**Student:** 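Take a look at this one; I'll ask things after.
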2 protein chains.
Amino acid sequence: MDKQAGTLEGERVIMVMGEPFTADNCPVRDVLANVAGKWNSLILLTLDEGPKRFSALRREVPDISQRMLTQTLRDLQRDGYISREVFPTKPPSVEYALTDLGRSFLTIMKPLVTWSLENHGAIREARRAFDG
Amino acid sequence: MDKQAGTLEGERVIMVMGEPFTADNCPVRDVLANVAGKWNSLILLTLDEGPKRFSALRREVPDISQRMLTQTLRDLQRDGYISREVFPTKPPSVEYALTDLGRSFLTIMKPLVTWSLENHGAIREARRAFDG
DNA sequence: CTGCATCCCCGCCGATACTG
DNA sequence: CAGTATCGGCGGGGATGCAG
């Protein structure tokens, strides 16, 4: 059989860890988008402590604007990482919590956080060496 | 002792995995920037197969522009993830390879790739459910 | 073969003000 | 309390052309 599995009509394919991807529709990029956003990971890590209300997140995630908090929460909910429950109190309150998918993701994510803490010094030094 | 360790002069602090961060100067964000770029992770994963020349990377990473390949490679080199060796042949050739730091990073990165492959379906389904 | 420079579009994100 | 709407800056990144 041919090497590049299912290469149709000039679709270019990259092999990553034994799996074929096209530049578009790349699961890796799709997931990394959640890691990439400026606030996404911070919010997920904060929710790892337990369910939180909107205002609690606003307090605990420093310097995030209301706009970004709302938007990022909606993105995370849309992708299934967190759930959103509205309590019809007066005034209303909304509670956000990790889903199973979100917890599963954090399990993989946390080692990356740990690695960042451990190797940030080496990276900053590499930068200084490169710039000088 | 006080809760928020070392909160000075209105500097807001977030606790993540037992470590205090400010919104600026956050190691996690700094490292995630490397994961976030559109091409960074793909290049690192390609180099995991072994050292490659510029033109080889251009071939194996589909649809990347020359500009982005050059730029991303320089960023990765600057942060110490890859090395760059110039062979004064005619015409010259340049070989890129993972450093120890790069390999260390990939060790942590790969589970995230695996997770992406396994859970991409669930995420796309969550999206459809949310949108509909 | 490798890399740099230029132009330009577009989406992220911040600031601010306004609703149920 | 939670969310929406609007404006605007800034930077990532694609296309193209030039240079050692």
Side-chain angles (χ1 to χ4, degrees), chain A residues 10 12 14 22-24 26 28-30 32-43 46-47 51-79 82-97 130-131, chain B residues 12 14 22-24 26 28-30 32-43 46-47 51-79 82-97 130:
Chain A
R12 307 208 50 190
I14 183 177
T22 58
D24 311 321
C26 173
V28 182
R29 284 231 190 92
D30 214 15
L32 291 188
N34 294 305
V35 178
K38 187 170 180 181
W39 301 106
N40 303 48
S41 53
L42 247 40
I43 290 176
T46 302
L47 283 178
K52 309 258 186 191
R53 294 183 40 194
F54 187 89
S55 51
L57 286 168
R58 192 150 165 54
R59 260 180 280 108
E60 295 181 35
V61 180
D63 298 334
I64 192 170
S65 68
Q66 205 175 37
R67 179 195 194 301
M68 277 295 99
L69 182 55
T70 302
Q71 181 173 308
T72 308
L73 285 171
R74 193 154 22 77
D75 291 344
L76 291 173
Q77 187 199 355
R78 185 172 111 95
D79 281 12
I82 64 177
S83 63
R84 176 179 184 275
E85 189 173 7
V86 181
F87 296 94
T89 56
K90 190 175 53 178
S93 66
V94 181
E95 191 177 83
Y96 294 90
F130 184 90
D131 292 341
Chain B
R12 307 208 52 192
I14 183 177
T22 57
D24 311 322
C26 174
V28 182
R29 284 229 190 95
D30 214 15
L32 290 188
N34 294 304
V35 177
K38 187 169 179 180
W39 301 107
N40 303 47
S41 53
L42 248 41
I43 290 176
T46 302
L47 284 177
K52 308 258 185 190
R53 295 185 37 198
F54 187 90
S55 49
L57 287 168
R58 192 148 163 55
R59 258 180 282 108
E60 295 180 35
V61 180
D63 299 333
I64 191 172
S65 68
Q66 208 174 39
R67 171 181 162 38
M68 277 297 101
L69 182 55
T70 302
Q71 180 173 310
T72 308
L73 285 171
R74 191 151 28 74
D75 291 344
L76 291 173
Q77 186 199 354
R78 185 172 111 96
D79 281 12
I82 64 177
S83 62
R84 177 179 184 273
E85 188 174 7
V86 182
F87 296 94
T89 55
K90 191 175 51 178
S93 67
V94 182
E95 192 176 82
Y96 294 90
F130 184 91

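Here is how names work: the chains are called A, B, and so on, in the same order as the sequence lines, proteins then strands, and each is numbered from 1. When reading the values below, keep in mind they use all heavy atoms of this one structure, side chains included, and skip hydrogens, waters and symmetry mates. From a predicted model like this one, the values you see are computed outputs, not experimental measurements.
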**Student:** With heavy atoms under 4.0 Å as the rule, sort Ser93(A) into base, sugar-phosphate or nothing.
**Tutor:** sugar-phosphate
**Student:** Met68(B) side chain: which of dG14(D), dG3(D), dC4(C) is closest?
**Tutor:**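 Of the candidates, dG14(D) comes closest.
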**Student:** Taking all non-hydrogen atoms of both residues, which atom of Asn40(B) and which atom of Ala33(B) are closest, and how far apart?
**Tutor:** ND2-O, 4.3 Å
**Student:** Less than 4.5 Å apart, any side-chain heavy atom of Ile43(A) and any of Ile82(A)?
**Tutor:** no
**Student:** What nucleotide among dC4(C), dT6(D), dG14(D) has an atom nearest to a side-chain atom of Arg74(B)?
**Tutor:** dC4(C)
**Student:** Take atom CZ of Arg58(A) and atom P of dC1(D), then tell me their distance rounded to the nearest Å.
**Tutor:**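 So the CZ-P distance, Arg58(A) to dC1(D), works out to 10 Å.
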**Student:** Calculate the interatomic distance between Leu73(B) atom CG and dC4(C) atom P; express it in whole Å.
**Tutor:**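 So the CG-P distance, Leu73(B) to dC4(C), works out to 11 Å.
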**Student:** How long is the line joining CG of Leu69(B) and P of dT16(D), in whole Å?
**Tutor:** 18 Å
**Student:** Across the strands shown, which category fits Arg53(A) at heavy-atom distances under 4.0 angstrom: base, sugar-phosphate, nothing?
**Tutor:** sugar-phosphate
**Student:** What nucleotide, of dG14(C), dT6(C), dC4(C), holds the atom closest to the side chain of Gln66(B)?
**Tutor:** dC4(C)
**Student:** Is there a residue in residues 83-90 of chain B whose heavy atoms reach under 4.0 Å of DNA chain C, and which residues are they?
**Tutor:**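 Close to the strand are Arg84(B).
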**Student:** State, with a plain yes or no, whether a side-chain heavy atom of Arg74(A) is found less than 4.5 Å away from one of Phe130(B).
**Tutor:**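 They are in contact (side-chain heavy atoms under 4.5 Å apart), so the answer is yes.
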**Student:** Looking at side-chain heavy atoms only, is the closest gap between Thr72(B) and Lys38(B) below 4.5 Å?
**Tutor:**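 A side-chain contact under 4.5 Å is absent here.
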**Student:** Where the side chain of Ser55(B) is concerned, which of dG14(C), dC1(C), dA5(C) is the nearest nucleotide?
**Tutor:** dC1(C)
**Student:** Taking CG from Asp75(A) and C1' from dC12(C), how many angstroms apart are they, rounded to a whole number?
**Tutor:**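 Asp75(A) atom CG is separated from dC12(C) atom C1' by 11 Å.
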**Student:** Once you round it to whole Å, what is the distance between P of dG3(D) and CD of Glu95(A)?
**Tutor:**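 Rounded to whole Å, this separation is 12 Å.
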**Student:** Roughly how many Å is it from NZ in Lys38(B) to C1' in dG13(D), rounded to a whole number?
**Tutor:**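 In whole Å, dG13(D) C1' lies 7 Å from Lys38(B) NZ.
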**Student:** With respect to the side chain of Tyr96(A), which nucleotide from dA15(D), dG3(D), dC1(C) is positioned closest?
**Tutor:**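 So the nucleotide nearest the side chain must be dG3(D).
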**Student:** Thr70(B) has a side chain; which of dT2(C), dG3(D), dC4(C) sits nearest to it?
**Tutor:** dC4(C)
**Student:** Round to the nearest Å and state the distance from Asp63(B) atom CG to dG13(D) atom P.
**Tutor:** 15 Å
**Student:** Distance check needed: dT4(D) P versus Arg67(A) CZ, whole Å only.
**Tutor:**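 It works out to 11 Å between those atoms.
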**Student:** Quick one: are Asp75(A) and Asn34(A) in side-chain contact, heavy atoms under 4.5 Å?
**Tutor:** no
**Student:** Report yes if the side chains of Leu47(A) and Leu76(A) come closer than 4.5 Å at any heavy-atom pair, otherwise no.
**Tutor:** no
**Student:** Should Phe54(B) and Leu73(B) count as side-chain neighbours, where that means a heavy-atom distance under 4.5 Å?
**Tutor:** yes
